[in-house]
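The chain is numbered in sequence order, starting from 1. Just so you know, these numbers come straight off a predicted model, no measurement behind them.
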Amino acid sequence: MARYTASHWGIYEISPDSAGNPTIHPLKGDPDPSEIGLHQLDPGLLKCRVRQPSVRKSWLEHGPGAAPHLRGREPFVEVSWERALDLVAAEVDRVRKTHGNEAIFGGSYGWASAGRFNHAQSQIHRFLNAAGGYVRHTESYSLGAAHVIMPLIAGTMADLMADHTSWDVMAEETRLFVTFGGVPRKNSQSSPGLAGKHRVHVGLQEMGRAGTRFVNVGPCRDNLDTGTEVEWLAIPPHTDTALMLGLAWQLQADGLHNRAFLDRYTVGYDRFAAYLTGESDGVAKTPDWAAAICGVPAERITALAREMAGTRTMLNIQWSLQRAHHGEQPFWMLVTLAAMLGQIGLPGGGFGVGYGPANTMGSRHRRLSGPSLDQFRNPVEAYIPCARIADMLLNPGAPFTHSGRHLTYPDIHMIYWAGGNPFHHHQDLNRLIRAWQKPASIVVHEPYWTATARFADVVLPVTTAMERNDIGYATQEGYFVAMRKVTERFEGARDDYDIFSGLAERLSLGERFTEGRDEMQWLRHMWEDCREKWATRDVPLPDFDSFWEEGLVDLEFVARSQTMFSRFREDPGAHPLTTPTGRFEISSDRIEGYALPGFTPYPVWREPVEWLGSPKAQRYPLHLLSDQPARKLHSQLDPSVHSARGKINGREPVYMNPADARARGISAGDIVEVFNARGRCLAAAVPTDDLLPGVARLSTGAWYDGQAEDGLEKHGNPNVLTLDIAASPLSQGCAAQTCLVEISGPVLNYPPVTAFIPPLILAENA
């Protein structure tokens, strides 16, 4: 009988080694499998596991709210599961009865999970909704600005991601591929939920062989691998919108903008054109104007505009560009530029948002919703955009705007977190640590002693995907996977479902939460429910027993090539967009009606609060990019040997241009200090010509390892440096890429990395 498992990094086959121990292998036929997932059983992970329910000493001895300043510093006491569940249930009950359910923040963020039942986000939301509701978060760190701006101008990100032109169509039709931010192969190792067969690298290679020409725009050269020559237009971070405006001006000046397309499929072009030509503000956005900001010669901007208009062109943008101050603008401007070219809806033309951040985009598979666990209705209306956690905790009752709404931050007394690691995702971690002291209680479900676990009051050890049964599925990834348990549970770990079932029983909610089903009964129920729904869409699935026996369902039989917006182009009346007007909105009346300070109703270039052209660059002259790591997804599996092989002396590498390194007396492999007014961390220097001078790159994912006495982060976590402000008052999105730093070194007497050493654990009554 075949055995499989699935993860963010792909589908894997399980077989025994010579000693009978399970080993992980890539799925046969995957053309570019990710190595990350092969290390999910790495023995090195075990040393970081949470063995038993653990309670912070002061909280256990003195109750909720005791010594919150000691979170992350003091020992934990191991207790029995019975006592741990009693304590957590009592605290949930106390907070909801004393302060109301609006005082409970239900955190869960971790790119979902491959398993559709043992999905921490679904489990915690189902439990908290059964208990009366909770304050939720919206959007994501990855796409906070895009999730808000795109529905107003082109369509929801979910719709756009599902509709991207497939790779086979681009190989056949696209002759020029211009990408802002590259198409990083390392990012496309994963997808939310699970990745099927890895298609991005293969797709680029096939385009290259077919003769597509590539232009990579941005401060990094090494994020586009096509197997063919790539032109690199090296520009500083945050100047993409200015370059796009220069290209747009040239199209307008040459009469190469497609007026027929603009008239039929868009609204608001003339208002934008007044800004573009300088009629509205006195500044024409010419190639010379753009060159002064982005550094690309005006002659090249002029020539590229004409090249794009003269051939079938696909424009692409990476998600990282909207994780910035004014992050909505490059996405809005990309749509505007594509509309001016008039190729949206034609095979191989238009835009992508984007190819590369995940494996999904460019898939030929249908968008079909898979099995799901009902989360019930949340009766609490209060919410926050996900990147505003610290603002919420530090400023209860303060006003904020989001998507045109005027809201106030709730007063949170309890954080309940299952799935994800905010000490990885969030910005300005020193500020987050101060905010983290506000709630009376923090409860965390964690397999590992991450920083989120260390800064909790109660840590409940949970199983990993290797230790439970589940159904693996992600929309458009092409497979169902029978995820049979690979190994037994680690020591005292329990499934999230078992934990929440125990809590629900204590709160007299047991039957409502479980509906009388155990794990396998839920899997059967969810499968048959999905099977019934898919039958109405003419997609047959086997019964559960057959699926569980076979292990895989390959959905290639319903795959087909696609061109984004083709139906809209054919008949915009019959197939309107989901925007307020049903057309692409180059100027937005809805946004104008929000009357947000400093936010115009059409795309513009705005100077960010920090960039290489700002006065702050005199003190902190390097722009720091904090991108996705190559050897893990976010912080997941950082203790593995695969992740360790990418480090130098245990630290994450910080890449910088050789000229910047020489000017600071830094050599390859030196341990250096990266710092600004928000924080400082240690990293290992790697000079490279693949970065524009003035730019440094320190990938995210290192488990936070801060010293309590002086705040020095020892491991190379860039989020002690990143800026915790909103992208704009429209989206409140993450602005992590807006970050200036300085680097000094070499550091000779550096402290050891202790991120993977568990905190001091005491026995109960010791």
Side-chain angles (χ1 to χ4, degrees), residues 5-8 14 21-22 24 37 39-56 76-89 107-108 110 112-115 117-124 126-127 416-421 442-470 472 483-506 513-514 518-520 522-523 635-640 703 756-759 761-764:
T5 192
S7 70
H8 308 301
I14 307 299
N21 298 313
I24 305 176
H39 298 272
Q40 295 175 81
L41 294 175
D42 189 330
L45 299 172
L46 297 180
K47 66 183 180 183
C48 303
R49 291 294 295 267
V50 182
R51 298 176 181 276
Q52 299 293 338
S54 301
V55 185
R56 186 169 64 86
F76 284 83
V77 179
E78 288 186 343
V79 301
S80 68
W81 267 108
E82 287 302 306
R83 184 161 192 214
L85 294 175
D86 287 344
L87 288 169
V88 173
S108 185
S113 74
F117 173 65
N118 288 299
H119 176 210
Q121 191 172 86
S122 297
Q123 293 285 345
I124 187 174
R126 180 180 174 89
F127 167 73
Y416 201 138
W417 203 285
N421 180 1
I442 299 174
V443 179
V444 168
H445 291 199
E446 255 293 351
Y448 305 104
W449 279 111
T450 63
T452 300
R454 293 168 185 266
F455 279 84
D457 297 314
V458 181
V459 183
L460 303 179
V462 292
T463 55
T464 70
M466 299 290 101
E467 299 163 358
R468 56 199 185 218
N469 297 307
D470 218 321
M483 297 172 59
R484 289 176 172 270
K485 183 170 67 172
V486 174
T487 187
E488 294 303 316
R489 293 177 175 180
F490 177 79
E491 297 206 8
R494 293 186 179 182
D495 297 347
D496 292 295
Y497 178 67
D498 294 335
I499 297 170
F500 286 126
S501 296
L503 294 174
E505 191 65 35
R506 285 163 171 78
F513 181 79
T514 69
D518 62 18
E519 177 187 70
M520 290 305 298
W522 270 112
L523 297 185
S635 63
Q636 296 171 41
L637 303 189
D638 190 31
S640 74
W703 282 14
F756 305 134
I757 301 174
I761 305 294
L762 305 176
E764 193 168 10

Exercise. Enter the distance from Leu87:CG to Arg506:CZ here, rounded to the nearest 0.5 Å.
Key: 10.0 Å

Quiz item: Would you say the side-chain atoms of Thr5 pair up with the backbone N or O of Met483, donor to acceptor, closer than 3.5 Å?
Solution: no

Quiz prompt | Closest non-hydrogen atom pair, Gly420 against Glu446 | solution = O-OE2, 3.9 Å

Quiz item: For the ring pair Phe455 and Trp417, is the centre-to-centre distance below 6.0 Å?
Solution: no

Quiz item: If you measure from CG on Asp42 to CD1 on Ile24, what distance do you get to the nearest 0.5 Å?
Solution: 9.5 Å

Quiz item: ring-ring contact (aromatic ring centres under 6.0 Å, His included) with Tyr416: which residues, sequence neighbours excluded?
Solution: His445, Phe500

Quiz item: side chain to side chain contact (heavy atoms under 4.5 Å, CB included) between His8 and Gln636: does it pass, once the steps are laid out?
Solution: CA-CA 10 Å; His8 308 301; Gln636 296 171 41; 3.0 Å; yes

Quiz item: Between Leu41 and Pro22, is any pair of side-chain heavy atoms under 4.5 Å apart?
Solution: yes

Self-check item: Closest non-hydrogen atom pair between Pro53 and Leu460, with its separation
Solution: CB-CD2, 4.2 Å

Self-check item: Test side-chain contact (heavy atoms from CB on, under 4.5 Å) applied to Ser7 - qualifying residues, sequence neighbours left out
Solution: Trp9, Tyr12, Gln40

Quiz item: Do Trp449 and Ser54 pass the side chain to side chain contact (heavy atoms under 4.5 Å, CB included) test, and can you show the C-alpha distance, the side-chain angles, and the key distance before you say yes or no?
Solution: CA-CA 11 Å; Trp449 279 111; Ser54 301; 3.8 Å; yes

Practice problem: Identify the two heavy atoms, one from Pro758 and one from Lys47, that lie closest to each other, and give their separation to 0.1 Å. | Solution: CG-O, 3.3 Å

Exercise. Report the distance from atom CD of Gln52 to atom CH2 of Trp81, rounding to the nearest 0.5 Å.
Key: 8.5 Å

Quiz prompt | Arg56 backbone acceptor or donor facing Asp457 side chain under 3.5 Å | solution = no

Quiz item: Would you find a donor on one side and an acceptor on the other, under 3.5 Å apart, between the side chain of Arg126 and the backbone of Phe513?
Solution: yes

Self-check item: Nearest-0.5 Å distance that lies between atom CG in Asp496 and atom CZ in Phe117
Solution: 9.5 Å

Practice problem: To the nearest 0.5 Å, tell me how far Leu45 CG sits from Met466 CE. | Solution: 10.5 Å

Exercise. Let me see the working for Asp498 and Arg468 under salt bridge (Lys or Arg N to Asp or Glu O under 4.0 Å), right down to the final yes or no.
Key: CA-CA 11 Å; Asp498 294 335; Arg468 56 199 185 218; over 6 Å; no

Quiz item: Do NZ/NE/NH1/NH2 and the carboxylate oxygens of Asp495 and Lys485 come within less than 4.0 Å?
Solution: no

Self-check item: Counterpart residues, ring-ring contact (aromatic ring centres under 6.0 Å, His included), relative to Phe756 (two or more places apart)
Solution: Trp703, His715

Exercise. Indicate the atoms forming the closest heavy-atom contact of Ala453 with Phe76, along with that distance.
Key: O-CZ, 3.5 Å

Quiz prompt | Residues in side-chain hydrogen bond (donor to acceptor under 3.5 Å, both in side chains) contact with Asp470, at least two apart in sequence or another chain | solution = Asn118

Quiz item: Of the options Leu85, Thr463, Val462, which is the one that meets Arg494 in a side-chain contact (heavy atoms from CB on, under 4.5 Å)?
Solution: Leu85

Self-check item: Residues in side-chain hydrogen bond (donor to acceptor under 3.5 Å, both in side chains) contact with Arg454, at least two apart in sequence or another chain
Solution: none

Quiz item: Can you tell me how far the CD1 atom of Ile499 sits from the CD atom of Gln123, to the nearest 0.5 Å?
Solution: 10.0 Å

Practice problem: Tell me, yes or no, whether the heavy-atom count around Glu519 atom CD, taken from other residues, nucleotides or ligands under 6.0 Å, exceeds 12. | Solution: yes

Self-check item: With sequence neighbours excluded, residues passing side-chain contact (heavy atoms from CB on, under 4.5 Å) with Ile757
Solution: Thr754

Self-check item: Glu467 (side chain) donor-acceptor with Thr464 (main chain) under 3.5 angstrom
Solution: yes

Quiz item: Can you name the nearest heavy-atom pair linking Ile124 to Gly107, along with the distance?
Solution: CD1-O, 3.8 Å

Quiz prompt | Smallest separation among heavy atoms of Ser108 and Ala418, with atom names | solution = OG-O, 2.6 Å

